[in-house]
Amino acid sequence: MTTPLSHTALHDLSVQELTQALQTKQVSAVEAAQHFLQRGQAHAALGAYVDTNTDATLAQARAADARIAAGTAGALEGLPIAHKDIFVTRDFATTAGSRMLKGYRSPFDATVVDKLAKVGAVTLGKLNCDEFAMGSSNENSAIAPMGSDSVQPVRNPWNTERIPGGSSGGSAAVVAARLAPAATGTDTGGSIRQPAAFCGVTGIKPTYGRASRYGMVAFASSLDQAGPMARSAEDCALLLSAMCGPDPDRDSTSLDVPTENFALKLNDSIEGLRIGVPKEFFGEGLSADVRASVDAALKQYEQLGAKLVPITLPRTELSIPVYYIIAPAEASSNLSRFDGVKFGHRAKDFADHDSKFPLLDQMYRRTRAEGFGDEVKRRIMIGTYVLSHGYYDAYYLQAQKIRRMIADDFQNAFKDCDVIAGPVAPTVAWKIGEKSDDPVANYLADIFTLSGSLAGLPGMSIPVGFAKADADKGMPIGMQLLGNYCQEARLLNAAHRFQQATDYHLAKPAGF
Ligand SMILES: NC(=O)C[C@H](N)C(=O)O
């Protein structure tokens with residue numbers, strides 16, 4: 001097959017361009033897959049991939065080429081993508097970043113993986129993440145990345161001394177470093193939006209229930225949502241269209257809303273779009289660089305014809321305690337399945353004849369002590385505590401009530417605006433190790449993403465600039481766009497119009 005595209009250009013193509021090149025046979029799916037697999041290997045030091053399977057990838061690519069040749073190509077036929085290691089996959093190990101699941105093979109593919117495969121996407125491999133998606137820095141993974149014998153953090157392509165964000169850190173890193181044109185992520189309290197912001201890529205968490213959770217290793221089931229991460233809103237729209245849709249038989253919380261072609265409205269005018277700017281998102285603790293870039297982006301929106309409307313989301317601060325009660329409560333329940341009997345790791349030497357516990361209990365205790373990392377144990381303990389008799393009313397029930405009030409605050413705000421805009425995170429990506437001994441510092445960094453998650457709203461992160469201060473120079477900055485339920489098309493439209501007028505999303509980290 002002749003390949004007019006040079007291979008150096010291949011990884012710079014957008015999803016849209018690469019899909020076009022594949023369909024018009026300028027490049028084959030096998031060539032594209034090989035190219036990205038080689039790049040993954042060449043940049044293994046980023047620590048983003050935790051599993052690859054060249055035979056499986058190339059078999060999928062050959063099947064894609066056959067469908068292109070037969071004229072039966074799907075919408076993303078031959079497009080190489082990578083999946084966060086929280087989605088179960090038949091052809092690749094699934095660990096969710098945990099020792100508990102090390103070496104685990106699922107007998108089936110997650111619905112999201114399956115849906116993307118059905119439109120022709122080819123899986124390059126699995127991407128590192130915080131253990132069970134609990135974290136904001138990707139420092140909580142217990143799995144050694146490909147090409148390394150030891151556990152090490154995923155590195156941010158813009159500065160490899162820095163974290164990529166989390167928990168979908170591997171996903172953001174591969175997209176930024178052009179090791180994959182796009183990747184899947186999941187977002188429970190910001191895990192798509194925050195790493196997207198920290199790595200200068202675009203990500204969208206759809207409305208809770210739009211994408212099926214079937215086959216996503218469960219963390220907090222009332223919050224977990226899947227979404228795409230890519231370089232632009234246009235590319236995210238192409239992926240999201242394939243990922244969403246009702247799945248009533250397998251995910252009872254999936255919304256009965258038909259899937260949409262999210263690319264259709266990308267170019268609509270945003271003249272008159274009312275953008276709500278919550279005053280609580282611009283208070284103390286917001287770095288000057290983030291504030292300046294978000295302010296400049298808002299000005300850009302005004303130039304594009306949008307109107308800025310001051311709004312208030314008065315319970316923003318409460319979203320941290322509320323989330324860090326509800327999410328651990330659900331986690332403590334979800335993670336009870338990891339008992340050494342049904343799934344994953346089982347401790348070898350657990351019998352202690354001096355122990356007061358029965359042998360089966362000893363096995364559970366040892367297995368879970370060995371299998372889970374510190375952050376996961378911390379959350380299981382908090383979750384068990386807040387659900388326990390005597391504390392349930394004081395913590396869990398109160399948190400549920402405030403969660404409803406947070407959702408109501410958004411509905412009040414949406415009376416005056418169409419989308420809400422603000423920072424994704426108070427700062428840019430921090431240095432590896434800087435906050436690793438301080439869980440609360442990590443939790444505080446989620447301040448702007450948690451409320452949208454608790455309300456179940458769709459949210460995006462788009463690149464809007466780079467830090468100028470010496471300490472953080474050159475690190476990407478993201479702006480968050482939040483929409484009302486099922487308004488993903490509107491968010492993507494607003495993001496796309498911004499990206500047509502700016503080039504932050506096109507910037508590429510040096511060395512990639
Ligand atoms: N999973 C997420 O959405 C990330 C959030 N920082 C958490 O640790 O829960």
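Just follow the structure's listing: the first ligand is 1, and inside any ligand the first atom is 1. Residues: numbered from 1 along the sequence shown.
S98 and E131 are linked by a side-chain donor-acceptor pair at a separation below 3.5 angstrom, with hydrogens and angles left out of the test.
Judged as a ring pair (Phe, Tyr, Trp, His ring centres under 6.0 Å), the pairs with a partner in residues 207-244 (not counting sequence neighbours) are, in order, F108-Y214.
Under 4.0 Å is where a charged nitrogen must lie from a carboxylate oxygen, and between R162 and D472 at least one such pair does. Between E260 and R210 there is a salt bridge, since a side-chain N of the basic residue sits under 4.0 Å from a carboxylate O of the acidic one.
Take A296 and apply the side chain to side chain contact (heavy atoms under 4.5 Å, CB included) test, not counting sequence neighbours, and it matches no residue. With sequence neighbours excluded, the residues that form a salt bridge (Lys or Arg N to Asp or Glu O under 4.0 Å) with R378 are E375.
Enumerated by chain and number, the residues approaching ligand 1 to less than 4.0 Å through a heavy atom are A133, M134, G135, S136, S167, T188, G189, G190, S191, F219, Y323, Y324, R379, D446.
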